[in-house]
Amino acid sequence: MSTDFDRIYLNQSKFSGRFRIADSGLGWKATASGGSAASQSKAPFLLPATEIYTVQWSRGCREYELKINTRNQGVVQLDGFSQEDFNLVKNDFHRRFNVQIEQKEHSLRGWNWGKLDLTRNEMVFAVNGKPAFEIPYAHINNSNLTSKNEVAIEFNIQDENYQPAGDEMVEMRYYIPGAVSDGNEEEMPKKEEEGEMVPKKEEDENENVEKESKEERTMAEAFHEELKAKADIGEVAGDSIVSFQDVFFATPRGRYDIDIYRNSIRLRGKTYEYKLQHRQIQRIVSLPKADDIHHLIVLSIEPPLRQGQTTYPFLVMQFQKDEETEVQLNLEDDDFEKNYKDKLKKQYDAKSHIVISHVLKGLTGKRVIVPGAYKSKYEQCAVSCSYKANEGYLYPLDNAFFFLTKPTLYIPFSDVSSVNISRAGQTSTSSKTFDLEVLLRSNRGFTTFANISKEEQQLLEQFLKSKNLRVKNEDKEAQERLQSALGSDSEDEDINMGSAGEDEESFDEEFRASSDDDDVAEEYNSDIAASSDEEGGSAERPAKKPKVE
């Protein structure tokens, strides 16, 4: 005969269910009435009696909690019990499984300093010998040494079976002072240098420095290594399907070793390590860099990777264009034939960017996005431009704009309302470039790519129109409006200017003639007066000098 309890929550889930204790083990099933369809269709949870290791009873967020440490399945938390249920649960566990229930009291001091203990299935932070909180290893996704004495722990928010009731904490940091000595290395005998004597005091100091550097490490480093081993963060290196060594990443910048597993990817660098699930990869983009030397592989991640306050929604890998890689998948023949025959190749010998894109495509099921029909004036699939203060390259793909490298921007054409082409300015330098302003739908603002060469304007405009995008050329529209407004006036003005030119020419001739007469009159003033007196005021005008053009 089993013992049942209603309104019990499994692993802090949103919805309650029925908990059952039987001779064969434990069971929990979501309540059929109420709740969402997802909770109703959720498979029941079963735990065999042989998996029960230790059991604790303590005050929880919903009255009282029963915590079960299993042998191979981590921690199981069941809360929602009343205080009166304790004796019934205690007697059942003792009678059916011969397991004693331990009562635990939590520390309520609210201190943020205490002692960390890595138990079988969870990490416990204790204050004055009482646990303040516990974190199951299954909820830990990653761990990094952020400084010499600080360890950052990232929590797993990608587990589909884990449905928290409210907001979640995504990261926690511990400051762990002090150092620990390994004590495993033997003292090395002293060496005498040939041909010269080394003072004993100086030799002892040098040996002490070497001894400290070899034998001592910080407590934070020791805790970090132990947590990785206990929590089994990521699979071990031997379980990886394929590995790529020393791959350069433009974002996050540095060189990382890539270990690709069945369901996740591990990036191991000198300072930081990252882990992402295959289902986090939304897009795989393979693009040649405009320098004709490198090739880029971009992974779009949702939710993005985190490092402190910095998020990385895109991972940008850079390879030499002609670099080749030869790898063999770490898979058994039966496993390969059954699960990966149609997705992957057993052995690769090709260019590095082709190999890694094909492996990621096969494991994630996402297609690889490559450049489309657009070609610039120089037969490239990108144009040089700048976004705010950052210089980069804009890739007009078949379905989206893609800007690389920092920041990496992806704008699908389905989100674009219209595209405006405008001048960057009126100076001699800026008149050779133009701006491409991308307006987004639903009043989500705009994105401007500036300083694009004028030589690319016509090709880019034709390509965007071929994709049924609304393209506005502000300079062309302003010029057309000006011509339509002043078109008739300009014709009349041309006619008037011609007649004005003729009048001006005749006026110049009369003006020059009169000025010549004045000059002659001034020069021969006495002769003119004499002749006018003799002939009664009529004097013959001297011949005009020929006009010299």
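The first residue in the sequence is number 1, and the count goes up from there.
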Any donor-acceptor N or O pair under 3.5 Å, side chains Glu273, Asn142: no
Rounded distance (nearest 0.5 Å) linking atom CD1 of Ile354 with atom OG of Ser286: 7.5 Å
Side-chain donor-acceptor contact under 3.5 Å, His224 with Ser143: yes
Residues Lys67, Glu122: salt bridge by 4.0 Å N-O rule: yes
Inter-residue atom distance Gln277.CD - Ile301.CD1, 0.5 Å rounding: 11.0 Å
Test item: Asn11 side-chain N/O and Gln77 main-chain N/O as donor-acceptor pair under 3.5 Å: yes
Side-chain donor-acceptor contact under 3.5 Å, Thr448 with Asp435: no
Lys351 side chain reached by Asp322 side chain, heavy atoms, under 4.5 Å: yes
Plane angle bin for Phe19 and Phe81 - parallel if under 30°, tilted between 30 and 60°, otherwise perpendicular: perpendicular
Distance (rounded to the nearest 0.5 Å) between Ile176 CD1 and Thr218 OG1: 8.5 Å
Rounded distance [0.5 Å steps], SG in Cys61 versus CG in Asp79: 4.5 Å
Donor-acceptor contact below 3.5 Å, side chain Glu323 vs main chain Ser352: no
Heavy-atom donor-acceptor pair, Tyr137 side chain to Thr119 backbone, under 3.5 Å: yes
Exam field: side chain Tyr272 to backbone Gly269, donor-acceptor pair closer than 3.5 Å: no
N/O donor-acceptor pair under 3.5 Å between Asn128 side chain and Ser107 backbone: no
Ring-face cation of Arg59 near Tyr64 (centre distance under 6.0 Å, axis angle within 45°): yes
Candidate list Phe402, Phe314, Phe403, Tyr395, test ring-ring contact (aromatic ring centres under 6.0 Å, His included), partner Tyr410, passing option: Phe402
Centroid-centroid under 6.0 Å between Phe401 and Phe413 rings: yes
Nearest-0.5 Å distance, CE of residue Met123 to CD1 of residue Ile135: 3.5 Å
Minimum heavy-atom distance between Gln307 and Asn144, given as atom pair plus value: OE1-ND2, 3.6 Å
Under 3.5 Å: donor-acceptor pair, side chain of Glu51, backbone of Pro48: no
Residue pair Glu225 / Arg217, side-chain heavy-atom distance below 4.5 Å: yes
Side chain to side chain, Asn121 and Gln73, heavy atoms closer than 4.5 Å: no
Residue pair Val151 / Arg173, side-chain heavy-atom distance below 4.5 Å: no
Any Leu26 side-chain heavy atom under 4.5 Å of Trp28 side chain: no
Ser13 (side chain) donor-acceptor with Leu10 (main chain) under 3.5 angstrom: yes
Where Phe449 and Cys385 come nearest, the two heavy atoms and their spacing: CB-SG, 4.1 Å
Side chain proximity check, Tyr340 to Arg262, heavy atoms < 4.5 angstrom: yes
Plane angle bin for Tyr256 and Tyr274 - parallel if under 30°, tilted between 30 and 60°, otherwise perpendicular: tilted
Interatomic distance, Phe244 atom CZ to Met317 atom CE [nearest 0.5 angstrom]: 9.0 Å
Nearest atoms (heavy-atom pairs only) where Ser376 meets Val383: CB-CG1, 4.2 Å
Main-chain N/O of Val124 paired with Asp117 side-chain donor or acceptor, under 3.5 Å: no
